[in-house]
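Following: one structure in structure tokens, then a few remarks.
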Amino acid sequence: MQTLLTDSAEEAASFLNSGGVVAFPTETVYGLGAGICYPEAITQIFRAKGRPGDNPLIVHIYSLEQLAEVASDINPDAGKLIDCFFPGPLTLVLKKNPAVPDTVTGGLDTVGVRCPSNPVAREFLRLSASPVAAPSANLSGLPSATSWEAVYHDLNGKIDCLLRGTPSAIGLESTIVDCSGSIPVLLRAGAITLEQLQSVVPELSANRNLNTLSPPKCPGLKYPHYAPKAAVVLLEAHTTQAVGCSSAYIGLSSPPEGVSLVRLCRDTEEYGRELFSFFRHCDAQGIDTIYCELPSSKGLGRAIRDRLMRAAGKK
Ligand code: TXA
Ligand code: MG
């Protein structure tokens, strides 16, 4: 398959509207989209990524009118979160409408819905004839793609079209909140922080044992995630141990002695934005071990810690 590179949201949407699979930029990470009414294209997403079929896809919408097409029983807490954070880096798990095929939701009776804020994503979604099912646009298990070049590296020849945009402003996948039960639960930390969510819905809780629930609340969390080829080693702040030569470091405080590649970040925003692209850069450079500073779990630090723990195989 030939993958067409384009800067035109209109051209990308025309591929989607004729049943194609299209990668597109969002403010979190790049997505790999298909119209929800094209079963072949949905299957192709799973095939291109090497993704297990029971791992549901997030449905991306342009407007709140489209929300009513895909979800029902939207409770008052979900309504408040939508008012405050849509469009933006938040996914809500809601009761699904029959219009959403089981292949999209992995057979669940809920659907993850997100309305991105990135202007190119919005233009693409506006021109799409239906809501767009899209996981992150990377090979399953690898770090998410935060630039069009990273998408190209993983998926060239496996998808119909790649809509080029700027590097992702946030660099970490959306916050996911399950609003299908009586009390909203944080399923995946992201740029909309737990503190921000609780300022709108104080009873919202962070679920600690997601992997052990049956059926799993967030099926994707049981699979290995975000891992570069290099070993990921987690460090508390200001570790000064000496390390081997083919090693790299990313974090907020000074690196251990002897690392050959260093990405020092000014704040957690920069750390989140750079993390996955740094992992990919390290793999391209043949780095053996990436030392990563664990930030505190306040604010965006919670999402970074989550991705680091998963990349290190500790979650
Ligand atoms: O920022 C993002 O969320 C990006 C962009 C492209 O929107 N998408 C993304 O998709 O990260 P993906 O497929 O890589 O991660 C989605 C996660 C998976 O862990 C999946 O299991 C979970 O969301 N998910 C999707 N639908 C769900 C549902 N109905 N109930 C529980 N978890 C769900
Ligand atoms: Mg993903």
Side-chain angles (χ1 to χ4, degrees), residues 22-34 36 42 45-46 48-61 70-71 85-97 100-118 120-122 124-125 131-146 150-151 154-155 163 165 168-181 184-192 207 210-211 213 215-227 272 276 303 306-307 310-311 315:
V22 178
F24 61 100
T26 86
E27 70 278 18
T28 56
V29 300
Y30 275 66
L32 183 59
I36 58 167
I42 301 290
I45 287 181
F46 285 92
K49 281 182 59 96
R51 182 178 174 107
D54 66 348
N55 193 358
L57 309 181
I58 293 173
V59 173
H60 295 68
I61 55 170
V70 296
F85 302 117
F86 274 25
L90 176 67
T91 297
L92 296 184
V93 173
L94 301 164
K95 284 269 177 295
K96 104 174 176 73
N97 273 352
V100 184
D102 282 345
T103 42
V104 170
T105 59
L108 299 174
D109 60 359
T110 56
V111 59
V113 185
R114 171 157 127 75
C115 180
S117 61
N118 172 292
V120 178
R122 288 193 60 68
F124 173 66
L125 292 171
V132 174
S136 51
N138 53 281
L139 290 176
S140 229
L142 292 191
S144 294
T146 57
V151 179
D154 280 15
L155 298 172
L163 173 57
S168 309
I170 293 169
L172 301 170
E173 307 82 354
S174 61
T175 304
I176 303 182
V177 176
D178 182 1
C179 289
S180 66
V185 177
L186 177 69
L187 297 182
R188 181 173 73 184
I192 304 293
N207 197 330
L210 293 172
N211 288 344
L213 295 177
K217 269 287 172 204
C218 195
L221 300 183
K222 67 178 189 254
Y223 296 111
H225 253 82
Y226 318 118
F276 291 145
D306 168 72
R307 304 312 188 271
R310 289 180 193 286
K315 220 176 182 182

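Numbering of ligands and ligand atoms starts at 1, following listing order.
- Interface of Arg188 with ligand 1, defined as ligand atoms under 4.0 Å from a residue heavy atom, comprises 2 (C), 3 (O), 9 (C), 11 (O), 15 (O), 16 (C), 17 (C).
- Heavy atoms of Thr110 come nearer than 4.0 angstrom to ligand 1 in at least one pair.
- Of all the heavy atoms in Pro116 and Ala121, the pair that sits closest is CB-CB, 4.1 Å.
- Listed by number with element, the atoms of ligand 1 under 4.0 Å from a non-hydrogen atom of Val111 are 29 (N).
- Heavy-atom minimum distance, Gly165 versus Pro25: CA-CG, 3.9 Å.
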Under the criterion side-chain hydrogen bond (donor to acceptor under 3.5 Å, both in side chains), I'd like the reasoning laid out for Thr28 against Arg114: C-alpha separation, chi angles, the key distance, then a yes or no. CA-CA 11 Å; Thr28 56; Arg114 171 157 127 75; 3.0 Å; yes

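- By heavy-atom distance, the residue among Arg51, Lys96, Lys49, Glu27 lying nearest atom 13 (O) of ligand 1 is Arg51.
- Note: an N/O pair closer than 3.5 Å links Arg114 and ligand 1 by distance alone.
- Below 4.0 Å from some heavy atom of Leu108 lie the following atoms of ligand 1, by number and element: 28 (C), 29 (N), 30 (N).
- Among the atoms of Ser144, no N, O or S atom is found under 2.8 Å from the Mg ion (ligand 2).
- Backbone and side-chain nitrogen or oxygen atoms of His60 are examined, and one is located within less than 3.5 angstrom of a nitrogen or oxygen of ligand 1.
- What you find for Ile192 and Thr175 is that their closest heavy atoms are O-OG1, 2.8 Å.
- Looking at Leu32, Asn55, Val29, Ile170 and measuring to atom 18 (C) of ligand 1, the nearest heavy atom belongs to Asn55.
- For the pair Arg307 and Tyr226, the distance from NZ or CZ to the six-membered ring centre is under 6.0 Å and the angle to the ring normal is within 45 degrees.
- For ligand 1, the atoms sitting less than 4.0 Å from at least one non-hydrogen atom of Pro135 are 6 (C), 10 (O), 12 (P), 13 (O), numbered in the order shown with element in parentheses.
- Minimum interatomic distance between Ala134 and Leu57 (heavy atoms only, all atoms of both residues): N-CB, 4.3 Å.
- Every atom of ligand 1 is numbered from 1 in the order shown, and the set under 4.0 Å from a heavy atom of Gly31 is 6 (C).
- At under 3.5 Å, a nitrogen or oxygen of Thr28, whether backbone or side chain, sits near a nitrogen or oxygen of ligand 1.
- In this structure, CG in Asn138 is found 8.5 Å from CZ in Phe276, a value given to the nearest 0.5 Å.
- Of the charged side-chain nitrogens involved, none lies within less than 4.0 Å of a carboxylate oxygen, so that Arg188 and Asp306 do not count as a salt-bridged pair.
- Across all their heavy atoms, Phe85 and Leu90 have their closest contact at CB-CD2, 3.7 Å.
- In summary, the atoms of ligand 1 found under 4.0 Å from a heavy atom of Gly112, numbered by their order in the structure, are 26 (N), 29 (N).
- Interface atoms of ligand 1 facing Val93, defined by a heavy-atom separation under 4.0 Å, are 28 (C), 29 (N), 30 (N), 31 (C).
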